[in-house]
Amino acid sequence: MPATLLFDLFGVIARHQSPEGRQRLLATAGAASPQSFWEAYWDLRPAYDRGELDGPGYWRLVAGALGTRFDAERTAALVEADVASWSAVDEEMVALTGELAASGRDIALLSNIPEELAVHYEEQQAWLARFRVRAFSCRIGYAKPQPGAYAWALRALGEPPGAVLFVDDRQENVDAARALGLRGHLFTSAAALREALGRE
C-alpha cells in the first residue's frame with residue numbers, strides 16, 4: 001500500500017463550480033457573451049493559479065480580453081463571486097479523508113488554486129489541517145499537469161514517487177503523475193476510491 005495519498009482538491013474533495021456560481025459570475029461581470037467570458041476566464045486562469053497574478057490582476061486581464069474594464073468595486077465583487085463559486089465541498093470525501101488520517105495514513109494535497117481561494121479554504125475549512133503537505137499551485141509556482149508541480153510535492157513529502165498514490169478527477173493530471181513514477185487513481189466517486197484503496 002502506498003505510504004502517502006496525494007489528493008487533488010477540486011472535483012475530488014471540493015466540488016467544481018456550481019451552475020448558480022457560474023451565473024453569478026456572468027451577472028457580476030455584465031458579460032454580453034457568456035462564451036467569450038468563459039474563454040477569457042479559462043485561457044487566463046493558469047497564470048492566476050500559478051500565483052503570477054493576484055485577483056485584481058487576473059480580472060484586469062479578463063476585462064481586457066473582453067474589450068471592457070472593471071472598476072475596483074466590480075473587480076472586488078468578481079473576486080468574491082469567484083471564490084464563492086468554488087466553495088462547496090463533498091462531505092463524503094471530507095469524511096473519508098478524516099478516516100484515513102485517523103487511521104494513521106499520510107495524506108497531502110496538490111491543487112491548482114489561486115491565492116484568494118487558498119486563503120478562503122484555510123480560513124473556512126478546518127479539515128485542511130489533516131494534510132501534512134498542502135501544495136497549492138499559487139504558492140509553488142507550478143500547476144498540474146506541469147511536472148514541476150508533482151516534483152515539488154514529492155520533495156515536500158520526502159517520499160519516492162512509487163510510494164505515493166495520486167488521486168485526481170482529470171485524466172491528463174493522473175497521466176502526468178504516472179509519467180513521473182507516481183501511482184495514479186482517476187477519481188469518479190468516494191465509493192470507487194474506497195474500493196481501489198481496498199485493493200492496494
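These figures come from a predicted structure and were not determined experimentally.
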For residues [X] and [Y], determine if any side-chain heavy atom of one lies less than 4.5 Å from a side-chain heavy atom of the other.
{"X": "Phe37", "Y": "Leu26", "result": "yes"}
{"X": "Leu96", "Y": "Leu193", "result": "yes"}
{"X": "Tyr48", "Y": "Asp82", "result": "yes"}
{"X": "Thr75", "Y": "Pro56", "result": "yes"}
{"X": "Val167", "Y": "Val174", "result": "no"}
{"X": "Arg15", "Y": "Trp86", "result": "no"}
{"X": "Leu6", "Y": "Leu154", "result": "no"}
{"X": "Val89", "Y": "Gln125", "result": "yes"}

Full working for salt bridge (Lys or Arg N to Asp or Glu O under 4.0 Å) between Arg74 and Glu80 = CA-CA 10 Å; Arg74 181 167 298 196; Glu80 180 182 353; over 6 Å; no
Can Tyr58 and Glu116 be said to form a side-chain hydrogen bond (donor to acceptor under 3.5 Å, both in side chains), step by step?
-> CA-CA 11 Å; Tyr58 168 69; Glu116 286 85 352; over 6 Å; no
Might you point out which heavy atoms bring [X] and [Y] nearest each other, and give the distance in Å?
{"X": "Ser103", "Y": "Leu100", "result": "OG-O, 2.7 Å"}
{"X": "Gln17", "Y": "Leu25", "result": "NE2-CD1, 3.4 Å"}
{"X": "Ser111", "Y": "Leu9", "result": "OG-CB, 3.4 Å"}
{"X": "Leu66", "Y": "Ala40", "result": "CD2-CB, 4.3 Å"}
{"X": "His185", "Y": "Arg178", "result": "N-NH2, 4.2 Å"}
{"X": "Tyr121", "Y": "Ala14", "result": "OH-CB, 3.3 Å"}

Just verifying a value: how many Å separate [X] [atom1] and [Y] [atom2], rounded to the nearest 0.5 Å?
{"X": "Leu128", "Y": "Arg134", "atom1": "CG", "atom2": "CZ", "value": "6.0 Å"}
{"X": "Asn112", "Y": "Leu117", "atom1": "CG", "atom2": "CG", "value": "11.5 Å"}
{"X": "Leu186", "Y": "Thr188", "atom1": "CG", "atom2": "OG1", "value": "7.0 Å"}

Please walk me through it: do His16 and Asp169 pass side-chain hydrogen bond (donor to acceptor under 3.5 Å, both in side chains)?
-> CA-CA 11 Å; His16 287 303; Asp169 67 318; 2.8 Å; yes
Donor-acceptor check, side chain of [X] to backbone of [Y], threshold 3.5 angstrom: yes or no?
{"X": "Glu115", "Y": "Cys138", "value": "no"}
{"X": "Arg105", "Y": "Leu5", "value": "no"}
{"X": "Arg69", "Y": "Gly64", "value": "no"}
{"X": "Ser85", "Y": "Arg22", "value": "no"}
{"X": "Gln146", "Y": "Ala143", "value": "yes"}
{"X": "Ser137", "Y": "Ile113", "value": "yes"}

[X] with [Y]: basic N within carboxylate O range, under 4.0 Å:
{"X": "Arg170", "Y": "Glu172", "result": "no"}
{"X": "Arg130", "Y": "Glu99", "result": "no"}
{"X": "Arg183", "Y": "Glu159", "result": "no"}
{"X": "Asp8", "Y": "Lys144", "result": "yes"}

Do you reckon Ile13 sits in the same ILVMFWY cluster as Val119, going by side-chain contacts under 4.5 Å, direct or chained?
-> no
Quick one: ring-ring contact (aromatic ring centres under 6.0 Å, His included) pairs with a partner in residues 126-166, sequence neighbours left out?
-> Tyr150-Phe166
Derivation of the side chain to side chain contact (heavy atoms under 4.5 Å, CB included) call for Leu53 and Leu61 = CA-CA 10 Å; Leu53 300 168; Leu61 290 182; 3.6 Å; yes
Does atom CZ of Arg45 have more than 12 heavy-atom neighbours, drawn from other residues, nucleotides or ligands, at distances under 6.0 Å?
-> yes
Indicate the ring-plane relationship of Trp59 and Tyr41, choosing parallel, tilted or perpendicular according to the 30° and 60° boundaries.
->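 Answer is tilted, since the angle falls between 30° and 60°.
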